[in-house]
Amino acid sequence: VGVFWHPSRVVVATNILEQLPVSLIREGLAEALKTGLIGDPELFALLEQDGASAPIADVVRRSLMVKGRVVAEDERDHNTRVFLNLGHTVGHAIEFASTFSHGESIGLGMVVAAHISEKRIGFNDRDRVAAAIERLELPIEVAGLDRARVKDLLRHDKKRDATGLRMVLLEAIGQPLLSHVEEAEIDDALGAIGL
């Protein structure tokens with residue numbers, strides 16, 4: 001009890017996943033797209049091309065490989081494991097302030113992160129990220145959401161430290177980094193998703 005060991009094998013019954021409602025599959029694919037963005041450009045390209053019709057066994061296997069690699073590199077959550085939070089900073093705020101599902105919210109959060117990445121560090125694939133999320137039939141814009149509520153939730157995000165809010169950004173597909181972001185950058189990116 002209280003001791004963590006890396007699994008020697010992961011078994012996923014993909015035939016059960018295939019029986020889920022399409023809306024839940026799309027939510028899971030948002031998380032798979034995230035793993036492609038942080039560590040497997042080929043997975044990102046597969047989902048970008050095929051959307052929800054991508055072979056589920058390939059998507060699950062590749063996603064698990066990325067997550068397993070990230071966790072093995074930082075099992076105590078002190079460094080690179082934070083990359084698994086791409087899209088989650090703003091995504092969680094949107095989720096708690098709205099009726100959007102987790103996957104829809106994370107997709108929106110990834111659009112925000114891609115926008116800030118483009119403006120801050122010259123990330124060249126913001127439009128590809130947004131198009132891939134749309135290909136999964138997830139929203140890339142919000143309307144009618146209380147912007148002040150979202151910003152208030154961001155002020156309480158667990159990735160905030162004494163110097164401000166930290167977000168996972170992208171230098172390139174498959175190359176994440178953790179960076180502090182300014183409130184003006186958040187405001188600009190929220191505007192880019194219609195908030």
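Inspection of the His88 and Glu95 side chains reveals no N or O donor paired with an N or O acceptor under 3.5 Å.
Atom CD of Glu141 and atom CD1 of Ile133 lie 12.0 Å apart (nearest 0.5 Å). Atom OG of Ser23 sits about 8.5 Å away from atom CD of Glu104, to the nearest 0.5 Å. Atom-to-atom distance recorded for Leu170:CG and Ile121:CD1 is 7.0 Å, nearest 0.5 angstrom. Atom CG of residue Leu37 and atom CZ of residue Phe83 lie 13.0 Å apart, to the nearest 0.5 angstrom. One finds the CG atom of Asp127 at 10.0 Å from the CD atom of Glu134 (value rounded to the nearest 0.5 Å). Of the inter-residue distances, the one linking Ile106 atom CD1 with Leu29 atom CG reads 14.0 Å to the nearest 0.5 angstrom.
Between Ile193 and Ile140 the shortest side-chain heavy-atom distance does not fall below 4.5 Å. With contacts defined as side-chain heavy-atom distances shorter than 4.5 Å, the pair Leu195/Leu108 does not qualify. Counting heavy atoms from C-beta on, the side chains of Gln175 and Leu177 never come closer than 4.5 Å. When side chains are defined from C-beta on, Ser179 does not count as touching Ile116, because their heavy atoms never get closer than 4.5 Å. Within the 4.5 Å cutoff, the side chain of Leu33 has heavy atoms near those of the Phe44 side chain.
Here the side chain of Lys34 pairs no donor or acceptor atom with the backbone of Met110 at under 3.5 angstrom. Although no hydrogens or angles enter the test, the distance criterion places no donor-acceptor pair under 3.5 Å between the side chain of Glu31 and the main chain of Glu27. With Asp50 contributing its side chain and Ser53 its backbone, the two residues share no donor-acceptor pair below 3.5 Å. Checking side-chain atoms of Arg126 against main-chain N and O of Ser117 turns up no donor-acceptor pair under 3.5 Å.
Closest heavy-atom contact between Leu178 and Arg166: CD2-NH1, 3.3 Å. Looking at every heavy atom in both residues, Ala113 comes nearest to Leu169 through O-CD2, 3.8 Å. Here the shortest heavy-atom pairing between Ile173 and Gly36 reads CG2-O, 4.2 Å. Taking both residues in full, the closest heavy atoms of Ile94 and Phe100 are given as CG2-CD1, 3.9 Å, listed atom of the first, atom of the second, then distance. Heavy atoms only, all atoms of each residue included: Ala97 and Val150 are closest at CB-CG2, 3.9 Å. Taking each heavy atom of Leu154 and Thr89 in turn, the nearest pair found is CD2-O, 3.5 Å.
Hydrophobic clustering, with ILVMFWY side chains joined whenever heavy atoms are under 4.5 angstrom apart, keeps Ile38 apart from Met65. Leu64 is connected to Leu20 through a chain of hydrophobic side-chain contacts under 4.5 Å among Ile, Leu, Val, Met, Phe, Trp and Tyr, so both are in one cluster. The hydrophobic clustering, which links ILVMFWY residues whose side-chain heavy atoms are closer than 4.5 Å, places Leu153 and Met167 apart. Hydrophobic cluster membership differs between Leu145 and Phe96, with clusters built from Ile, Leu, Val, Met, Phe, Trp and Tyr side chains linked at under 4.5 angstrom.
Take Arg128 and apply the side chain to side chain donor-acceptor pair (under 3.5 Å) test, not counting sequence neighbours, and it matches Glu48.
Other residues, nucleotides and ligands contribute only 12 or fewer heavy atoms inside 6.0 Å of the CG atom of Asn124. Remark: Glu42 CD is loosely packed, at most 12 non-hydrogen atoms of other residues, nucleotides or ligands lying under 6.0 Å away.
Residue pairs meeting the side chain to side chain donor-acceptor pair (under 3.5 Å) criterion with at least one member in residues 182-195, sequence neighbours excluded, are His115-Asp188, Arg120-Glu185, Arg147-Asp187, Lys151-Glu183, Lys151-Asp187. Within the structure, the side chain to side chain donor-acceptor pair (under 3.5 Å) test picks out the following pairs touching residues 63-72 (sequence neighbours left out): Thr35-Ser63.
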- List the steps, then state whether side chain to side chain contact (heavy atoms under 4.5 Å, CB included) holds for Val71 with Leu84. CA-CA 9 Å; Val71 170; Leu84 294 169; 4.2 Å; yes
